[in-house]
Amino acid sequence: MENINQTSTDFFLSGLFPSSRIGLFFFILIVLIFLMALFGNLSMIILIFLDTHLHTPMYFLLSQLSLMDLNYISTIVPKMVSDYLSGNKSISFIRCGVQSFFFMALAGGEGLLLASMAYDRYVAICFPLHYPIRMSKRVCVLMITGSWIMGSVNSCAHTVYAFGLPYCRSRTINHFFCDVPAMLTLACVDTWVYEYTVFVSTTFLLVFPFTGIAISYSRVLLAICRMQSTEGRKKAYSTCSTHLTVVTFYYAPFAYTYLRPRSFRSPTEDRVLAVFYTILTPMLNPIIYSLRNKEVMGALRRIIQRFSSSDKRH
């Protein structure tokens with residue numbers, strides 16, 4: 001195997017599932033989570049598209065979050081499933097680069113999009129009279145476009161650099177996908193300068209947006225406390241707590257993984273944490289936003305009634 005590793009350009013992924021009954025159990029669980037994520041995010045996108053009551057900046061941003069999550073989990077899980085079923089854990093150099101690019105682009109884009117969603121709620125609750133101006137359709141489109149572009153540009157720079165490095169050690173990546181920090185341990189050159197750029201970009205795409213979210217919601221909570229209407233307070237609190245739940249699930253394990261120096265990192269711990277932001281979060285987002293949102297549930301009932309009445313006429 002060592003000779004193959006040295007002469008082949010392919011990488012080998014260590015995977016997530018051990019070859020045992022416990023591994024089979026986790027494999028089935030991940031497949032079910034993947035199917036739930038596909039169904040949930042597709043349903044959110046279609047529901048927001050079909051129901052005119054949800055054609056607002058808040059739900060337009062939410063539909064983009066679902067689109068990102070849909071692509072996000074599809075970048076990782078199908079390859080994991082294929083590896084487990086076939087027993088072949090190799091991945092070509094090009095496919096590894098493509099997977100790494102989409103993972104980083106979507107991860108960075110989602111971080112910025114969550115910050116945009118926090119700003120939307122901040123303006124809606126703290127400056128309701130200015131909301132149509134501050135969150136116009138043009139502003140909303142710029143936020144979404146900026147999230148996709150900045151995530152992609154950052155990812156392109158990292159992918160080009162990381163996959164231009166010489167890899168002269170074992171080509172087995174100790175992870176279940178082509179994660180750049182895990183790949184750096186295989187490089188036969190000193191990568192401390194590049195690791196510093198990873199830290200800087202993670203700070204820019206995760207820490208700064210998270211700081212903005214924290215500031216926004218601290219001001220939102222103050223505004224909620226001053227509200228006279230009990231119903232208004234309840235609705236605002238429900239919306240904000242939903243978003244904060246999503247933010248916590250996404251940012252916390254991501255930041256903890258990528259902001260630590262390599263000497264403090266453990267491959268096993270990195271894999272476990274990666275499950276949260278690559279697999280669990282895309283599945284939980286549509287559940288959290290739909291079950292805790294009366295407008296989404298109302299839209300779902302209207303769509304069901306519309307299709308059921310249409311079937312009766314036919």
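We're numbering straight along the sequence, starting at 1.
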- Measure from the ring center of Tyr122 to the ring center of Phe127 and say whether it is less than 6.0 Å. yes
- Item | Any side-chain heavy-atom pair of Phe60 and Lys137 under 4.5 Å | no
- Item | Parallel, tilted or perpendicular: rings of Phe249 and Phe276 (30°, 60°) | parallel
- Are any non-hydrogen side-chain atoms of Leu106 and Glu110 less than 4.5 angstrom apart? no
- Query: How would you list, by chain and number, every residue that makes a side-chain hydrogen bond (donor to acceptor under 3.5 Å, both in side chains) with Ser82, sequence neighbours excluded?
  - Reply: none
- Does any non-hydrogen side-chain atom of Leu13 lie less than 4.5 Å from one of Met80? no
- Message: Assess, by modelled atom type and distance only, whether the side chains of Asp179 and Tyr258 contain a donor and an acceptor separated by less than 3.5 Å.
- Response: yes
- Message: Run the side chain to side chain contact (heavy atoms under 4.5 Å, CB included) test on His175 and Arg271 for me, step by step, so that the C-alpha distance in whole Å, both residues' side-chain angles and the decisive distance to 0.1 Å come before the verdict.
- Response: CA-CA 6 Å; His175 217 302; Arg271 283 200 297 268; 3.9 Å; yes
- Query: Under 4.5 Å between any side-chain heavy atoms of Ser66 and Asn285, yes or no?
  - Reply: no
- Does Arg171 make a cation-pi contact with Phe11 (under 6.0 Å, within 45 degrees of the axis)? yes
- If you look at every heavy atom in Ser152 and Ala105, which pair is closest and at what distance? CA-CB, 3.9 Å
- Only one of Phe103, Phe102, Phe101 passes ring pair (Phe, Tyr, Trp, His ring centres under 6.0 Å) with Phe177, and that residue is Phe103
